[in-house]
Amino acid sequence: MSEVTRSLLQRWGASLRRGADFDSWGQLVEAIDEYQILARHLQKEAQAQHNNSEFTEEQKKTIGKIATCLELRSAALQSTQSQEEFKLEDLKKLEPILKNILTYNKEFPFDVQPIPLRRILAPGEEENLEFEEDEEGGAGAGPPDSFSARVPGTLLPRLPSEPGMTSLTIRIEKIGLKDAGQCIDPYITVSVKDLNGIDLTPVQDTPVASRKEDTYVYFNVDIELQKHVEKLTKGAAIFFEFKHYKPKKRFTSTKCFAFMEMDEIKPGPIVIELYKKPTDFKRKKLQLLTKKPLYLHLHQSLHKERP
């Protein structure tokens, strides 16, 4: 085993233990965040090309199944009505498998499949990929293929109330797009970044849009900001990245993004402009997606606990 692989397995193991510790202590937001970050790392390795990976195809399948289990546990923590929950005790069985992935040759203990080969690109990755179409004049996407099944949204519950602190609920109502009807499995990733583009809260994904009609994709879903408004750093912004699946390339791509700055946090409806990808978390080189009047429609609710 190379030093790089040994170090990688140690990092994965430490991340899994951190998530399980948070989980057992009831720190669900932190557990979900840890599980999802690790799941993305594992998915990336499971889908790596043979010459870019030190793992065999069989090992990569097992790594992909562990990623699926992490997603299932994450989903179970977010659901109050889950019938077939993936339990913490189940999750703990994954640690020895991950630790001994190079020698593991038993049957995987859970009947799961690796998440299909669809890449969810990290910020900055997409610029390195060849654009398959000009986003303004989008080529018709055709029907979803067998790879388009997606993990459910990763929405988090409202923060516990604190005297004198304000929590924010943002309802994502709809987004206006010229080719709204052609977007496959559209969803929105919501993040809160400081001026340097560093995450201030866990990243959340909405479920896939509820419907598409004319030039709108409808979500009608509430996002609970994972930090009280008073605790957000100066210059922070809330980002909304509209993502959709591209069957030709078999990855999930960011189509456009929008953001809200701190002075825009106020109760009631707000309409914000859409910008061209790649997402510019530092807000230095912004380009509007189109000259047409297309926007992201939101509604904000503030909940303040009296001191």
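Every heavy atom of this structure was used, including side-chain atoms; hydrogens, water molecules and symmetry mates were not. Quick note: residue numbers are just sequence positions, from 1.
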Using ring centroids (six-membered ring only for Trp), state whether F259 and F240 fall under 6.0 Å.
no

So that I know where these two stand, are H244 and Y187 an aromatic pair - ring centroids less than 6.0 Å apart?
no

How many angstroms lie between atom OG of S74 and atom CG of D23, to the nearest 0.5 angstrom?
9.5 Å

Measuring from atom CG of D199 to atom NZ of K193, what distance do you get when rounded to the nearest 0.5 angstrom?
3.5 Å

Do [X] and [Y] have side-chain atoms, one donor and one acceptor, less than 3.5 Å apart?
X	Y	answer
D205	T189	yes
E264	Q300	no
T169	H303	yes
E230	T166	yes
S15	R11	no
S253	K243	no

For [Y], does its backbone N or O pair with a side-chain atom of [X] as donor and acceptor, under 3.5 Å?
X	Y	value
Q226	P157	yes
Q204	E224	yes
D179	Q182	no
Y104	E107	yes
K60	F55	no
D194	N196	yes
T56	Q59	yes
S24	A20	yes
N100	T103	no
R158	S167	no

Report yes or no: is the cationic atom of K255 (NZ for Lys, CZ for Arg) closer than 6.0 Å to the six-membered ring centre of F242, at no more than 45° off its axis?
no

Answer yes or no on whether R73 is positioned over the face of F86, meaning its NZ or CZ is under 6.0 Å from the six-membered ring centre and within 45° of the axis.
no

Walk me through whether K92 and E89 qualify under salt bridge (Lys or Arg N to Asp or Glu O under 4.0 Å).
CA-CA 5 Å; K92 287 181 175 176; E89 302 83 72; over 6 Å; no

Exactly one of F239, F257, F281 should register a ring pair (Phe, Tyr, Trp, His ring centres under 6.0 Å) with Y275. Which one does?
F257

Can L302 and V229 be said to form a side chain to side chain contact (heavy atoms under 4.5 Å, CB included), step by step?
CA-CA 9 Å; L302 295 167; V229 174; 4.3 Å; yes

On the 0 to 90° scale, with breaks at 30° and 60°, tag the Y216-H297 ring pair as parallel, tilted or perpendicular.
perpendicular

Evaluate T68 against E71 for side chain to side chain contact (heavy atoms under 4.5 Å, CB included), listing each step before the verdict.
CA-CA 5 Å; T68 302; E71 294 280 12; 5.6 Å; no

Would V190 and I170 satisfy side chain to side chain contact (heavy atoms under 4.5 Å, CB included), going step by step from the backbone distance to the final call?
CA-CA 10 Å; V190 181; I170 301 173; 5.8 Å; no

Non-hydrogen atoms of F108 and C69 that approach each other most closely:
CE2-SG, 3.8 Å

Shortest non-hydrogen contact from I270 toward M260
CD1-CG, 4.1 Å

Determine, stepwise, if the pair I63 / W12 fulfils side chain to side chain contact (heavy atoms under 4.5 Å, CB included).
CA-CA 11 Å; I63 290 168; W12 287 351; 4.0 Å; yes

Side-chain heavy atoms under 4.5 angstrom apart, residues restricted to Ile, Leu, Val, Met, Phe, Trp, Tyr: same cluster for I238 and V221?
yes

